[in-house]
Amino acid sequence: MSGNLYPPQFASSSRHLDQNLSNLHKCSDTRRLLQIHSQIFRLHLHTNPFIASKLIASYSLCLLPSSAAAVFNLVPDPTSHLFNTLIRAFAQNSLPSLSFNTFFRMQLSSVKADSFTYPFLLKSFSGSVHTIELIHAHVIKLGFLTDTFVPNSLIDSYSKAGESEAACKVFDEMPVRDLVSWNSVVAALVRAGDVSDARGVFDQMPERDTVSWNSMLDGYMKVGEMDAAFDLFSRMPVRNVVSWSTMVSGYCNKGDMEMARMLFDKMPVKNVVPWTIMISGYAGKGLDKEASSLMDQMEEAGLELDSGAAVSILTACAHSDLLGLGKRIHHKAKRRKLMFTTQISNALIDMYSKCGDLDEAWNIFEGMEDKDLVSWNSMVHALAMHGYGKKSLELFARMEEEGIIPDSFTFVGVLCACTQVGLIKQARRYFISMQKDYEIVPRIEHYGCLIDILGRGGLLMEAYNLAKSMPLEPNAIIWGSILNACRFHNNVGIAEKIIDELVSLEPSDAGNFGIISNIYAAAGKWDGLAKARLKMKDFDRHKLVGSRRIELNDNAHELAVEDRMHPQADRILRMLNRLGKYVEKLGYAAEVR
DNA sequence: CGTGATGACG
């Protein structure tokens, strides 16, 4: 900042402000930002476009886009830089319509868009192919493709929207390319799963930096070519945190925790990302002791949980039923005041719901100020999965009343809710309504729900015919749910029709074997049982035992079929007996096992 | 431009 920016009468206070201003554009501490802002306001410097743009950028970082807009509106003559900053602020806070609105205001005023405007605008609409194409056509007309800045971001946007061919086309037609162009197209090919094409481009590159190598590492890791990745990793000239993290992540995803840990321990420098990868890796495999102890070590190393880490670890906890670790993350997030992002709250809702604490999931949901579609979907689904079908449908109704437009995920939850209550007619209605009213093309999950509810209701032939006639290839879950229904309704005929299909999809699944043997045993067809056993060629004895981990009062318990090893096995079995008697009294007929 | 990142059928 130059000194002549301030009116002379404020010269004495300006030095103090100078220091604040130099880092203002990346101030993420809301309280400090408000202090500086009021200081700026007192000095009447808020009308200066340069200072205003720093305030806008900081308000964006503090997740306060409306304050950013307020700052903008007080500047009498906004520059293109100021417009760009606001467009970026809205983009960063996932407010694409406001981003576009600002662009529109820019067009209406006499300020010209520049090569910074379009990349920000594109970021805002990541995922919407149609909008990207519109912006693309627009920048062609304005001649912005002669530089590399705009086309590079077009490559990235197309690629992230799943249009790798369009991304490659932009690259092919570029008159000049820089390193970022090459890197972007390699990343685009990797994202699309074309690792060999990516390698082809990589080999042609006039020069490579660490980013180029890292993209290739990731590509090989994603398709499971660990040796090729490791080979590149050992040959690359410079390895940074991202290179190491990519390797650790790759081995974690493969389930090779030893290799992942070995590389993790060898890393010369670690930031919060590799810690997160390793902790989530352990948590995702259900290794809560390892995950928890790494969590401690991370803090001892002086690193704190950030929002990415919280979301990532919570998701892993939800996947593996790690309520204890999930709660720990919750408390840490609260202490670090990370609670206020929608994404973390959503991850918490799902974690508590999947780990069995529906009440806590509900508390989080009700306490949220800004619920988004994911929040509603998670809660609708949570209620359905916990057996509260009616409450789930009520929540869906409330959602519609509040004007939230449901999506594909919503209707999976809604159809699950119908299953819980046995509402076949309702389920059919929702299945039609989602297509007619919301233009949602049913996915395999929707067919799965509908087929499941038909089967449970005894409409086995209809369920079977729907599986056969639907426009998607049925998967193991679909056949499994019909098979389950066959067992429940003692229907050997339809069961036999689908055994072959199911076994070819999941040859070694113990659950399927159990169901099939139950059906044959119930019908007294012991030769059929033998046949089913033979069909399961790769049958894995260890998988026969279905086990389940639960957490009670912070102790983990492993329960398995035919298991008497648990310290309180007698009490558990007595309780099960009592429950069995209780439900029999209520008219439930126990299955023959 | 590259690493962790919320929701779906048994």
Side-chain angles (χ1 to χ4, degrees), chain A residues 148 152-153 155-156 159-160 178-188 190-191 209-219 221 240-250 252-253 270-281 284 306-316 318 341-351 353-354 372-382 384-385 407-416 419 442-453 455-456 472 474-485 502 506 509 511-512 515:
Chain A
T148 52
N152 284 351
S153 57
I155 295 174
D156 190 45
S159 153
K160 283 179 178 155
D178 58 14
L179 183 56
V180 176
S181 325
W182 286 90
N183 282 344
S184 301
V185 83
V186 169
V190 162
R191 207 171 283 128
D209 64 359
T210 312
V211 175
S212 334
W213 288 86
N214 288 346
S215 299
M216 272 325 294
L217 284 186
D218 191 40
M221 280 301 188
N240 62 11
V241 193
V242 178
S243 327
W244 287 90
S245 303
T246 304
M247 295 303 285
V248 174
S249 168
C252 278
N253 289 334
K270 297 187 194 78
N271 59 23
V272 70
V273 174
W275 284 97
T276 304
I277 294 168
M278 205 61 224
I279 295 168
S280 307
D306 69 3
S307 67
V311 171
S312 173
I313 301 169
L314 285 170
T315 307
T341 82
T342 317
Q343 205 181 20
I344 291 180
S345 302
N346 291 344
L348 281 167
I349 291 173
D350 190 51
M351 186 279 292
S353 152
K354 295 258 166 70
D372 67 5
L373 184 57
V374 176
S375 329
W376 288 93
N377 286 351
S378 305
M379 205 59 231
V380 167
H381 192 249
M385 292 323 263
D407 71 353
S408 180
F409 285 84
T410 320
F411 280 98
V412 175
V414 167
L415 291 169
C416 280
T419 306
R443 299 178 57 95
I444 190 94
E445 290 87 355
H446 301 108
Y447 283 104
C449 288
L450 195 60
I451 287 168
D452 190 46
I453 191 171
R456 281 170 199 257
L472 299 159
N475 59 15
I477 296 174
I478 302 262
W479 293 130
S481 94
I482 302 180
L483 196 61
N484 238 325
L502 186 56
E506 273 186 346
D509 191 279
N512 295 338
I515 299 168

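In what follows, chains are A, B, ... by sequence order, proteins preceding strands, each numbered from 1.
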What's the CG-P distance between A:Asn475 and B:dA8, to the nearest Å? 15 Å
Distance only, no hydrogens: is a donor on one side chain within 3.5 Å (strictly under) of an acceptor on the other, for A:Asn346 and A:Ser378? no
Would you say A:Thr210 and A:Asn240 are linked by a side-chain donor-acceptor pair, where the criterion is simply a distance under 3.5 Å? no
Side-chain donor-acceptor pair present, A:Ser481, A:Asn484, cut-off under 3.5 Å: no
Assess the side chains of A:Ser312 and A:Ser280: does a donor N or O sit below 3.5 Å from an acceptor N or O? yes
Just checking A:Ser245: base, sugar-phosphate only, or nothing, at a heavy-atom cut-off of under 4.0 Å? base
Considering only B:dG2, B:dG4, B:dA8, which nucleotide approaches the side chain of A:Val242 most closely? B:dG2
Looking only at side-chain N and O atoms, does A:Asp178 offer a donor or acceptor that is under 3.5 Å from a partner on A:Ser181? yes
Rounded to whole Å, the CG-P distance (A:Asn346 to B:dA5) equals 16 Å
Report the distance from atom CG of A:Leu415 to atom P of B:dG10, rounded to the nearest whole Å. 11 Å
Using distance alone, with no hydrogens and no angle criterion, decide if A:Thr419 and A:Asp452 have a side-chain donor and acceptor under 3.5 Å apart. no
Decide whether A:Ser153 and A:Asp156 meet the rule of one side-chain donor and one side-chain acceptor closer than 3.5 Å. no
Whole-Å distance separating the CE atom of A:Met379 from the P atom of B:dA8: 13 Å
Select one nucleotide: of B:dG10, B:dC9, B:dG2, the one nearest the side-chain heavy atoms of A:Val412. B:dC9
With sugar-phosphate meaning primed atoms plus P, OP1 and OP2, does A:Ser312 contact a base, only sugar-phosphate, or nothing at under 4.0 Å between heavy atoms? sugar-phosphate
For atom CG of A:Asp452 and atom C1' of B:dG10, their distance in whole Å: 7 Å
Using the side-chain heavy atoms of A:Ser215, tell me which of these nucleotides is nearest: B:dG10, B:dG2, B:dT6. B:dG2
Among B:dT6, B:dT3, B:dC1, the one nearest any side-chain atom of A:Ile277 is B:dT3
Polar side-chain contact A:Ser408-B:dA8 base: donor and acceptor under 3.5 Å: yes
Is the distance from OP1 or OP2 of B:dC1 to the nearest side-chain N or O of A:Arg191 less than 4.0 Å? no
So what does A:Asn152 touch, heavy atoms closer than 4.0 Å: a base, only the sugar-phosphate, or nothing? nothing
At less than 3.5 Å, do the side-chain atoms of A:Asn214 and the base atoms of B:dC1 form a donor-acceptor pair? no
Give the nucleotide from the list B:dG4, B:dT6, B:dG10 with an atom nearest to the side chain of A:Ala347. B:dT6
Please determine whether any donor N or O and acceptor N or O are separated by less than 3.5 Å between the side chain of A:Asp209 and the base of B:dG2. no
Between C1' on B:dC1 and CG on A:Asp178, what's the gap in Å once rounded to a whole number? 10 Å
Of the candidates B:dG4, B:dG10, B:dA8, the side chain of A:Arg443 sits closest to B:dA8
What does A:Ser375 touch in the nucleic acid at a heavy-atom separation under 4.0 angstrom: a base, only the sugar-phosphate, or nothing? nothing
Name the closest nucleotide to the A:Lys160 side chain, picking from B:dA8, B:dC1, B:dG10. B:dC1
Out of B:dT6, B:dA8, B:dG2, which nucleotide sits closest to the side chain of A:His381? B:dA8
Among B:dC1, B:dA5, B:dG4, which nucleotide has an atom closest to any side-chain atom of A:Asp306? B:dG4
Please classify the nucleic acid contact of A:Leu373 as base, sugar-phosphate, or nothing, using heavy-atom distances under 4.0 Å. base
If you only use heavy atoms from C-beta on, which nucleotide in B:dT3, B:dA8, B:dA5 is closest to the side chain of A:His446? B:dA8
d(CD1, A:Ile155; P, B:dG2) in whole Å: 12 Å
Across the strands shown, which category fits A:Asp407 at heavy-atom distances under 4.0 angstrom: base, sugar-phosphate, nothing? base
Looking across every strand, which nucleic acid part, if any, lies under 4.0 Å from A:Val272 by heavy atom: base, sugar-phosphate, or nothing? base
In whole angstroms, how far is the C1' atom of B:dG4 from the CD atom of A:Gln343? 11 Å
So, OP1 or OP2 of B:dT6: does either fall under 4.0 Å of a side-chain N or O from A:Lys354? no
